[in-house]
Amino acid sequence: MSRKRGKNVNKLLPALVVALFTLLVAMIAIYLVYIGKLPLKDSNKTPQTSTETTATATVSVPTGTVAENTPTEETDKAQEPTESTNPDDLMISWKNPASFISKAAMGDGSIKKTFKDGNIRYWRLVSNKVTSGYNPSYNLAFGSPKMYSELEGVTTFRGNNYRTAPSWGKADVKEKKLEIVWTHDIGAVSGVGSYWPGAGWTGQPLLAHWSSDVRKVMNINNDLKDKDLVEVIYPVFDGHVYFLDMETGKESRPKMNIGFTVKGTGMVDPRGYPLFYTGQGLNENDGRKGSFKYRIFDLINQKEIFSMPGNDSVAFRQWGANDSSALLNRYTDTLIDCGENGLVYKAKLNTKFNKEAGTISINPTITKYRYKSSYSSEQGIENSPAVYRNLMYFADNGGTIQCLDINKLEPVWIYRSGDDTDSSITLEETDEGVFLYTANEIDKRGKSGAKANCNIRKINALTGELVWQKDYSCFYQNYINGGALATPVLGKNDISDIIIFNVALTGSTSDGTLVALDKKTGKEVWKRQLDAYSWSSPVDFMSKDGKTYMLLCDFKGYMHLIDPKTGEDLDKISVGGNVEASPSVYNDMAVVGTYAKKIYGVKIK
């Protein structure tokens, strides 16, 4: 009997164990739901994938209370997927827009693309020889603007490949005041029938926060070798490049004499390499004439290590100035530059930088893009190109806006701007698509009459279709054109719904208009009449409390601190003379050169 009962108990044991385990799991689950560690299933909600899930954190606030569901900066960063630095992953495929009609190979090695309202012929040149079947040996594409530079600071005009970052860091704004804390004297030259004092258009100073190991291999003054230095690097009218300690305005190393005027903005290598790049604005200096060049300098010992002739033998225009500010693709070691000769340069630099040995070298191989637009025979690119992945955007002196596949060196679409465009295109990627903002000046149209419209436009960057247009009537003056010479402030963060343009000579030949437009509709949000016109590009910067502020400089020599939500002045100071150059901002410091033949260091308080 006992044996039989024992066999029955043995048969029941597995079932008892399973039941007890199930009960234990259920009790644990109920407890976890109770304390909030396990979500309760809601049959009315669609399950989220891991890419859609948002994370929040609980943080302490100064009062000692607990703010729930407040994302921290670290949490936000943790949510963002790591962006690929492989150009193969960044390439974007494209199709010609609906207006595209035909593409044909011509007998001279060019290709002709025809659109409904015009056509463009283009050539690709390798080693100065036309190639009809250009096949790049590697893919070239840029990442998002936040990925442009590894070096803290402003390393090119407007700071990145979207041309939307003229400032770096955050300012501690309390008094809403500006204070000049230092000045540094610079010179002037006479050339091309005019007098050129101080710094000119676009003239944005470069600000480089060098790493300690790179700083120590350069010829920086010994007393600054161990300082956490932010260096101002500023090529100006007088033919010199100035190197200053941003904090004090004192020379951080000897100025570099490059012989001829720079009007545009140079470039510092965004990888943090000790390389400086600059074009040339004039080829005459107080009666002495020379050749136009685009040059690259080794900043270890301030020596020129490479140059390209501006008067390029393959260019259709033999004016070799270069006011455009280049971009460097750090993923592929490739320089992109545009010239007033009408060429686009794509240079694989083959850079070798040895920090330990303190040496750097380059051995560029250069491919050139040349074109003719049916809109105008005039050549010349003075604005700085913007790039979305492998699509590059620029405008020219003849009134053509162009989307160029910088990888294939093939135009995707063209747009008739109606006049010379020196204002640089800005880009924005949104949930609705990728868009560019652009505005022209009163140049070619002004010569036949007193006034014409400055056309501000928003364009679909992938198709070339116009989204909206806003027009402002402007005067023309010889050498002082009306319209938009400045690059706009593309609103971000607390002003993300607007874009701000300053338009010259709107009411007379000396005044201007500052206007904020709604990005979606193009309608005016606010408009302000300026007593003095401005070619200087306005600069937006963020305060530590999350508010955006703006600086604007004008031809009467004032720097304005502006609330970009209203356009109203919070403060203004005199910087001695006409300001065509654009300021740069690093945290609490603004730097700009003026016609007063000085560089100003201005504290934002």
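Values below: all heavy atoms of this structure, side chains included; hydrogens, waters and symmetry mates excluded. As the structure is a prediction and not an experimental result, all values here were calculated from the model.
- Enclosure of atom NZ in Lys492 by more than 12 non-hydrogen atoms of other residues, nucleotides or ligands within 6.0 angstrom is indicated.
- Nearest approach of Gln204 to Ser584, heavy atoms of both residues: CG-OG, 2.9 Å.
- Remark: Leu427 CG to Ser144 OG distance equals 12.5 Å, nearest 0.5 Å.
- Donor-acceptor pairing under 3.5 Å is lacking for the side chains of Gln280 and Tyr294.
- Aromatic pair Tyr369/Trp123: centroids not less than 6.0 angstrom apart.
- With respect to the salt-bridge test (charged N to carboxylate O, under 4.0 angstrom), the residues Asp312 and Lys368 qualify.
- Salt bridge present: Glu428 and Lys519 bring a charged side-chain N and a carboxylate O closer than 4.0 Å.
- Tested against Phe237, the residues Phe260, Trp201, Trp196 include a single ring-ring contact (aromatic ring centres under 6.0 Å, His included) partner, Trp196.
- Side chain to side chain, Asn481 and Glu441 meet the donor-acceptor criterion of an N or O pair below 3.5 Å.
- Taking CZ from Arg330 and CE from Met147, the interatomic distance works out to 5.0 Å, rounded to the nearest 0.5 Å.
- Counting only N and O atoms by type, the side chains of Asn440 and Thr421 include no donor and acceptor under 3.5 Å apart.
- Using a distance-only test at 3.5 Å, with no hydrogens or angles considered, a donor-acceptor pair links the side chain of Ser374 to the main chain of Asn119.
- Looking at heavy atoms from C-beta onward, Val241 lies in side-chain contact with Phe243 at the 4.5 angstrom threshold.
- Side-chain contact between Cys474 and Val503 is present, with at least one heavy-atom pair separated by less than 4.5 Å.
- A cation-pi geometry, defined here as NZ or CZ lying under 6.0 Å from the six-membered ring centre and within 45° of its normal, does not hold between Arg271 and Tyr331.
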Please lay out, stage by stage, how Ile366 and Asn128 fare under the test side chain to side chain contact (heavy atoms under 4.5 Å, CB included).
CA-CA 9 Å; Ile366 300 170; Asn128 276 358; over 6 Å; no

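- Shortest non-hydrogen contact noted between Thr506 and Gly512 is OG1-C, 3.2 Å.
- Looking at Asn161, its side chain does come within 3.5 Å of a backbone N or O of Gly143 through a donor-acceptor pair.
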Could you walk me through whether Glu378 and Lys372 pass salt bridge (Lys or Arg N to Asp or Glu O under 4.0 Å), step by step?
CA-CA 9 Å; Glu378 291 202 46; Lys372 284 185 176 180; over 6 Å; no

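- The minimum heavy-atom distance between Ile92 and Asn390, with the atom names listed, is N-OD1, 2.7 Å.
- In this model, no donor atom of one side chain and acceptor atom of the other lie less than 3.5 Å apart for Gln318 and Asn341.
- Applying the side chain to side chain contact (heavy atoms under 4.5 Å, CB included) test between Tyr393 and each of Ser424, Cys403, Pro385 identifies Cys403 as the sole match.
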Run the numbers on Val262 and Val236 for side chain to side chain contact (heavy atoms under 4.5 Å, CB included), then give the verdict.
CA-CA 5 Å; Val262 174; Val236 295; over 6 Å; no

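- The number of heavy-atom neighbours closer than 6.0 Å to NZ of Lys527, taken from other residues, nucleotides and ligands shown, is 12 or below.
- Using a distance-only test at 3.5 Å, with no hydrogens or angles considered, no donor-acceptor pair links the side chain of Asn285 to the main chain of Lys289.
- Scanning all heavy atoms of the two residues, the minimum distance from Leu90 to Ala141 falls at CB-CB, 3.8 Å.
- Of all heavy-atom pairs between Asn96 and Val412, the closest is ND2-O, 2.9 Å.
- The line from OH of Tyr122 to NZ of Lys112 is 13.0 Å long, rounded to the nearest 0.5 Å.
- Asn502 contributes a side-chain N or O that, together with a main-chain N or O of Ser536, makes up a donor-acceptor pair within less than 3.5 Å.
- Both tests hold for Lys348 against Tyr138: distance to the six-membered ring centre under 6.0 Å, angle to the ring axis within 45°.
- Expressed to the nearest 0.5 Å, how far CG of Leu505 lies from CD1 of Ile442 amounts to 9.0 Å.
- Expressed to the nearest 0.5 Å, how far OG1 of Thr332 lies from CG of Asn407 amounts to 9.0 Å.
- The aromatic rings of Phe292 and Trp319 stand perpendicular to each other, their planes meeting at an angle above 60°, with 30° marking the opposite boundary.
- Between Lys597 and Asp238, none of the side-chain N atoms (NZ, or NE/NH1/NH2) sits under 4.0 Å from a carboxylate O, so this pair counts as no salt bridge.
- In this structure, Lys458 is positioned above the aromatic face of Phe435, its NZ or CZ under 6.0 Å from the six-membered ring centre and within 45° of the axis.
- In terms of heavy-atom proximity, Ser307 sits nearest to Arg295 at CB-CG, 3.6 Å.
- Taking the ring centroids of Tyr242 and Tyr234, they lie at or beyond the 6.0 Å cut-off.
- At a cut-off of 3.5 Å, with distance as the only test, a side-chain donor of Asp471 or Asn455 sits close to an acceptor on the other residue.
- In this structure, Lys408 fails the cation-pi test against Tyr134, since its NZ or CZ atom is not both closer than 6.0 Å to the six-membered ring centre and inside 45 degrees of the ring normal.
- Not one N or O on the side chain of Arg121 forms a donor-acceptor pair closer than 3.5 Å with the backbone of Tyr371.
- A cation-pi arrangement, defined by a distance under 6.0 Å to the six-membered ring centre and an angle within 45 degrees of its axis, is present between Lys113 and Phe100.
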Between Phe394 and Ile401, does the side chain to side chain contact (heavy atoms under 4.5 Å, CB included) criterion hold? Intermediate values first, please.
CA-CA 6 Å; Phe394 63 93; Ile401 298 172; over 6 Å; no

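- Remark: side-chain polar atoms of Asp554 are paired, donor with acceptor, to backbone N or O of Gly557 under 3.5 angstrom.
- Under 3.5 Å, the side chains of Tyr415 and Asp117 contain no donor-acceptor pair of N or O atoms.
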Given side chain to side chain contact (heavy atoms under 4.5 Å, CB included), test Leu514 with Met550 step by step and report yes or no.
CA-CA 12 Å; Leu514 186 65; Met550 190 172 82; 4.0 Å; yes

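- Using modelled atom types, one finds no donor on one side chain facing an acceptor on the other under 3.5 Å when comparing Asn578 with Lys556.
- Atom-to-atom distance recorded for Thr114:OG1 and Ile414:CD1 is 8.5 Å, nearest 0.5 angstrom.
- Other residues, nucleotides and ligands contribute at most 12 non-hydrogen atoms within 6.0 Å of the OH atom of Tyr558.
- Looking only at side-chain heavy atoms (C-beta outward), Thr156 and Thr265 stay at 4.5 Å or farther from each other.
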Walk me through whether Asp298 and Lys303 qualify under salt bridge (Lys or Arg N to Asp or Glu O under 4.0 Å).
CA-CA 5 Å; Asp298 166 353; Lys303 299 294 184 184; over 6 Å; no

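- Checking Thr487 against Arg158 by side-chain atom types alone, no donor-acceptor pair falls below 3.5 Å.
- In this structure, a donor-acceptor pair under 3.5 Å is present between the side chains of Thr463 and Glu465.
- Counting only distance, with no hydrogens or angles, the side chain of Arg457 and the backbone of Leu436 share no donor-acceptor pair below 3.5 Å.
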